[in-house]
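Numbered from 1 within each chain, the chains take letters A, B, ... in sequence-line order. Quick caveat, the model's predicted, so the values are computed rather than measured. Values reported hereafter were calculated over all heavy atoms of this structure, with side chains retained and with hydrogens, waters and symmetry mates removed.
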2 protein chains.
Amino acid sequence: MAMAESDGERVDIGVLDGLVGYHLRRAMGAFSVDYARAVAGTPMRQGLFGVMSVIAANPGISQGIVGKALGIQRANMVALITELGELGLVDREPSATDRRAFNLTLTDKGMTMLKDTLARIRDHEERMLAALSPAARQSLTATLRAIAAVEE
Amino acid sequence: MAMAESDGERVDIGVLDGLVGYHLRRAMGAFSVDYARAVAGTPMRQGLFGVMSVIAANPGISQGIVGKALGIQRANMVALITELGELGLVDREPSATDRRAFNLTLTDKGMTMLKDTLARIRDHEERMLAALSPAARQSLTATLRAIAAVEE
DNA sequence: TATTGTTATACTCTATAACTATA
DNA sequence: TATAGTTATAGAGTATAACAATA
């Protein structure tokens with residue numbers, strides 16, 4: 001028990017095996033590796049895709065609100081939005097009501113990129129979750145949502 | 001539906017909400033924040049604790065095997081082992097059978113640190129998983145293990 | 001005073017390539 | 001020739017502090 005693959009052997013990882021946080025970390029790692037493979041050749045990192053998804057669902061949204069929705073610090077949003085602008089995926093127009101803020105929208109190119117990337121991600125998720133029944137997937141999502149909500 | 005907290009409002013995050021990878025990311029983020037709080041004032045980052053757990057379970061193990069067990073690259077193990085050595089938590093002795101390798105063991109201080117940190121981590125996990133039944137926690141662990149195992 | 005976007009900075013985790021000394 | 005440990009380096013994510021312009 002409490003083993004991890006290593007060559008052909010298995011190594012006891014000790015108390016770590018009883019910790020949910022460890023398995024969460026490893027699952028995240030596996031997901032990230034396969035995500036990177038899924039979007040290889042495109043500039044769509046996880047953060048960029050997330051931002052685009054929120055903008056698509058809320059045309060004209062400000063970048064501060066996008067950041068809050070995704071748990072991304074204001075300071076870290078800047079480079080993401082700049083990059084999406086340079087890629088021609090997002091338009092940034094001055095807000096008519098608040099001269100400090102910008103209204104973000106996806107360009108046509110951005111909408112196409114979002115759709116294409118989503119298809120790649122759906123394939124990727126199917127690979128990662130192939131062993132899970134639809135019920136198990138829903139249960140997993142609900143559980144992860146409950147965990148993420150623990151942020152007093 | 002597909003909302004995320006933001007001030008007092010909720011913002012539609014779009015297609016992102018249907019992706020398990022997104023929720024995995026957010027759950028990991030919440031776990032990491034609370035982990036950091038749990039071990040504040042100690043040097044026990046997640047990686048260091050993991051390495052110590054494997055060494056404790058396998059006294060005399062080499063650092064390459066520890067890395068393989070945890071999915072940590074050889075190159076990235078070096079700084080971890082160096083740091084644990086400087087903290088006086090891990091002993092590194094030359095292997096009698098392979099002059100390239102070192103045998104790793106926890107010092108007494110290391111064993112105490114492992115035990116103390118484990119207590120903090122158990123409290124932290126209890127906080128994060130309070131809403132989940134024992135059955136739900138077991139199911140979560142099994143699911144995460146299955147996902148992490150998808151690494152052809 | 002508070003907020004939006006910004007710059008600068010730093011820490012952690014992860015990844016690859018190339019070296020050395022051994023095997 | 002392959003392996004253990006190492007060095008150097010780079011990308012990505014995340015965190016804080018401080019500033020200018022605006023509210």
Worksheet, complete the sentence: Atom CG of A:Leu80 and atom P of D:dA15 are separated, to the nearest Å, by 13 Å
Fill in: Electrostatic pair A:Arg137-A:Glu125, nearest N-O below 4.0 angstrom
no
Discussion item. With nearest nucleotide decided by heavy atoms, which residue, B:Asp98 or B:Gly29, maps closer to the 5′ end of DNA chain D?
Written reply: B:Asp98
Practice prompt. Tell whether A:Asn76 reaches the base of D:dA15 with its side chain through a donor-acceptor pair below 3.5 angstrom.
Written response: yes
Fill in: Nucleotide nearest B:Arg45 (side chain, heavy atoms from C-beta), chosen from C:dC13, D:dT16, C:dT4
C:dC13
Discussion item. Run the side-chain contact (heavy atoms from CB on, under 4.5 Å) test on B:Arg145 and A:Asp17 for me, step by step, so that the C-alpha distance in whole Å, both residues' side-chain angles and the decisive distance to 0.1 Å come before the verdict.
Written reply: CA-CA 10 Å; B:Arg145 221 190 292 258; A:Asp17 195 62; 3.0 Å; yes
Item to complete: With heavy atoms under 4.0 Å as the rule, sort A:Val33 into base, sugar-phosphate or nothing.
Response: sugar-phosphate
Worksheet item: Which nucleotide in the set C:dA8, C:dA15, D:dT7 lies at the smallest distance from any side-chain heavy atom of A:Ala75?
Response: C:dA8
Item to complete: Provide, to the nearest angstrom, the distance between the CD1 atom belonging to B:Ile72 and the C1' atom belonging to C:dT16.
Response: 17 Å
Worksheet item: For A:Arg74, which contact category applies under a 4.0 Å heavy-atom criterion: base, sugar-phosphate, or nothing?
Response: base
Worksheet, complete the sentence: CG (B:Asp108) and CG (B:Asp91) are apart, to the nearest 0.5 Å, by 9.5 Å
Worksheet item: What integer distance in Å separates B:Met28:CE from D:dA12:P?
Response: 18 Å
Worksheet item: Taking for each residue the nucleotide of DNA chain C with the nearest heavy atom, is it A:Phe102 or A:Arg25 whose nucleotide lies nearer the 5' end?
Response: A:Phe102
Worksheet item: Is A:Ser62 touching bases, backbone alone, or none of the nucleic acid, heavy atoms closer than 4.0 Å?
Response: sugar-phosphate
Worksheet item: What integer distance in Å separates A:Gln73:CD from D:dA12:P?
Response: 19 Å
Worksheet item: Nearest-Å distance, CD (B:Gln63) to P (C:dT22)?
Response: 15 Å
Fill in: Base C:dT4 to side chain A:Arg100, donor-acceptor N/O within 3.5 Å cut-off
no
Worksheet, complete the sentence: To the nearest angstrom, the CE-P distance between B:Met44 and C:dC13 comes to 12 Å
Response to the item:
A:Ile61 CD1 to C:dG5 P, in whole Å, measures 10 Å
Item to complete: Rounded off to whole Å, could you give me the CG-to-C1' distance for the B:Asn103 and D:dA4 pair?
Response: 12 Å
Fill in: side-chain contact (heavy atoms from CB on, under 4.5 Å) evaluation trace for B:Ile55 with B:Ile61
CA-CA 6 Å; B:Ile55 295 174; B:Ile61 195 173; 4.2 Å; yes
Discussion item. Does a side-chain N or O of B:Arg26 approach OP1 or OP2 of D:dG13 to a distance below 4.0 Å, or not?
Written reply: no
Discussion item. Go through it in stages, so that I can follow the logic: the residues are A:Asp34 and A:Arg37, the test is salt bridge (Lys or Arg N to Asp or Glu O under 4.0 Å), and I'd like the CA-CA distance, side-chain angles, deciding distance and then a yes or no.
Written reply: CA-CA 5 Å; A:Asp34 195 73; A:Arg37 204 178 307 160; 3.5 Å; yes
